[in-house]
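Ligands are counted one by one from 1 in listed order, and the atoms in each one are counted from 1 as well. Sequence positions, counted from 1, serve as the residue numbers for this chain. Just so you know, these numbers use all the heavy atoms, side chains as well, and skip hydrogens, waters and symmetry mates.
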Amino acid sequence: MKNNLNRRDFIRATSVAGTGLALHLPTVGRAASDVAKPALLGGPKAHPGGYPGWPVFDQTEDQALLGTLRSGHWFRGNGRAVTTFETEFARLTGAQHCLATSSGTAALTAALGALDIGPGDEVIIPPYTFVATYNVVTLHHALPIFVDTDRESFQIDASKIDAAITKETKAILPVHIGGSPTDLDRISEVANARQLPVVEDACQAHLAEWRGRKVGTLGRAGCFSFQASKNLTSGEGGAVLTNDEDFANRCYNFHYQGRGRPVNSANSADTESRGTNLRLSEFQASLLMAQMTRVVEQTNRRTKNANHLTKLLTEIPGITPARLYEGVTRSAYHLYMFRYDPERFAGLSRGKFLAAMNAEGVPCSGGYGELNKDAYVSSLARNKHFLKIYGEQRMQQWLEQNRNCPQNEKVCAEAVWLSQNQLLGPREDMEQIADAMRKIQKHAGELAKR
Ligand SMILES: Cc1ncc(COP(=O)(O)O)c(C=O)c1O
């Protein structure tokens with residue numbers, strides 16, 4: 001993959017060990033003229049202290065894990081950690097049903113399995129996403145169809161979905177990238193008109209809201225990840241939300257070797273359909289219950305800091321925070337994403353801007369590469385199974401069609417990301433991020449020559 005820096009490594013790199021807040025050290029022994037200089041030109045770092053570590057944990061997690069260990073119940077069952085988590089996560093999000101899974105990928109796999117997506121089918125996805133969104137479609141031997149990105153929001157361009165629908169399209173799989181809701185009004189409108197199910201990839205969007213409703217509850221399914229970098233985490237883990245009972249049961253079957261729910265402990269269920277093992281463990285669920293004691297407060301803190309940061313960055317020419325759609329009542333800010341315009345920074349390339357920001361003590365990444373043009377994705381056109389299912393002509397056509405995402409190309413070239421844990425510290429952290437950019441902008445000509 002051509003990602004500038006893998007998102008998970010990026011979040012790890014921005015965390016200081018432990019769970020303390022950022023240290024702000026005074027600048028000592030420097031001439032006043034140096035203070036306004038970028039760190040790369042000999043000035044002090046704008047943010048010298050590091051950011052809050054991730055994950056956050058204390059004795060609550062110790063007790064949760066020990067409780068599960070000592071119970072001797074390490075497998076899902078009524079009244080145990082996994083089923084309790086399912087009830088609580090459904091309550092927190094307002095969903096009618098929740099199924100815990102072993103990962104976000106597993107949640108998406110179960111949702112597509114429950115929709116009986118298979119060979120010959122097409123599923124619409126955005127190119128600006130983590131590769132898992134693509135992989136879950138091809139693992140079902142369906143064709144992923146990329147729809148271009150809305151450059152302003154970084155989300156799938158909902159106005160282009162309808163044109164990509166064919167008689168083979170069986171689902172729309174939008175992603176709330178960075179934790180910011182995609183345009184669910186327009187997507188629902190197209191999906192309803194075409195009678196297609198929407199599977200929301202909400203893997204980065206815990207507690208984000210569209211018109212006051214939690215994302216993941218507006219489509220047929222909403223899929224979440226609890227992988228280590230995520231805003232709610234158990235190292236690995238996932239969940240499917242739905243308001244459709246029959247669909248919830250089909251997801252359950254798919255994640256449990258195709259077996260139905262046991263009627264009681266003495267009754268082992270029959271195998272009913274296609275499936276595999278995608279279950280979450282009791283240990284992970286107990287960790288999630290402990291993490292859930294903080295998730296609302298952490299989400300509120302990110303929102304406050306992100307709103308302040310947006311106000312500051314909007315005043316810096318050449319820095320454009322990702323647009324939130326009018327229907328967004330909350331972004332989860334798993335990533336804080338903005339566009340960088342080198343023209344307003346004396347031609348300083350994005351790579352050099354990132355290096356300068358990192359030198360200021362503000363870790364930044366360039367985000368995703370162009371997934372739709374990735375060598376791995378293109379190699380699907382030569383995959384023997386796909387050639388057998390779709391034929392040479394269709395696979396060549398698919399290859400050409402998928403390369404055409406011009407707005408995504410721009411976004412991949414101009415995006416800059418901060419990570420969620422950088423929004424968990426004090427308000428001054430936001431001011432220092434803006435200070436770093438102002439310093440870099442003022443000395444951009446000099447930095448460009450280095
Ligand atoms: C947008 C998106 N989809 C899917 C996934 C897959 O989740 P997991 O890593 O839990 O399998 C991720 C996780 O990184 C993601 O960011």
Would you call [X] and [Y] a salt bridge, taking side-chain N to carboxylate O under 4.0 Å as the test?
X	Y	answer
K170	D116	no
R394	E122	yes
E189	R186	no

Just by distance, do the side chain of [X] and the backbone of [Y] share a donor-acceptor pair under 3.5 Å?
X	Y	result
T83	G77	yes
E360	A46	yes
E370	C412	no

Ligand 1-proximal atoms of D201, by part, heavy-atom distance under 4.0 Å: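 Under 4.0 Å from ligand 1, D201 contributes side-chain atoms alone.
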Within reach of ligand 1, part of S103 (heavy-atom separation under 4.0 Å):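 For S103, backbone and side-chain atoms both sit under 4.0 Å from ligand 1.
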Can you name the ring pair (Phe, Tyr, Trp, His ring centres under 6.0 Å) partners of H97, sequence neighbours left out?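 Result, ring pair (Phe, Tyr, Trp, His ring centres under 6.0 Å) vs H97: none returned.
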Which ligand 1 atoms does [X] reach within 4.0 Å, using its non-hydrogen atoms?
X	result
A132	4 (C), 5 (C), 6 (C)
C203	2 (C), 3 (N), 4 (C), 5 (C), 12 (C), 15 (C)
T133	3 (N)
T105	6 (C), 7 (O), 8 (P), 11 (O)
V175	1 (C)

Using distance alone, determine whether [X] and ligand 1 share an N or O pair under 3.5 Å.
X	result
G104	yes
Y368	no
E236	no
T129	no

Sub-4.0 Å heavy-atom approach of K230 to ligand 1: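 Under 4.0 Å: yes for K230.
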Would you please test R211 and E326 for salt bridge (charged side-chain N to carboxylate O under 4.0 Å, His left out) and show each step? CA-CA 9 Å; R211 302 197 189 282; E326 178 253 325; 3.2 Å; yes
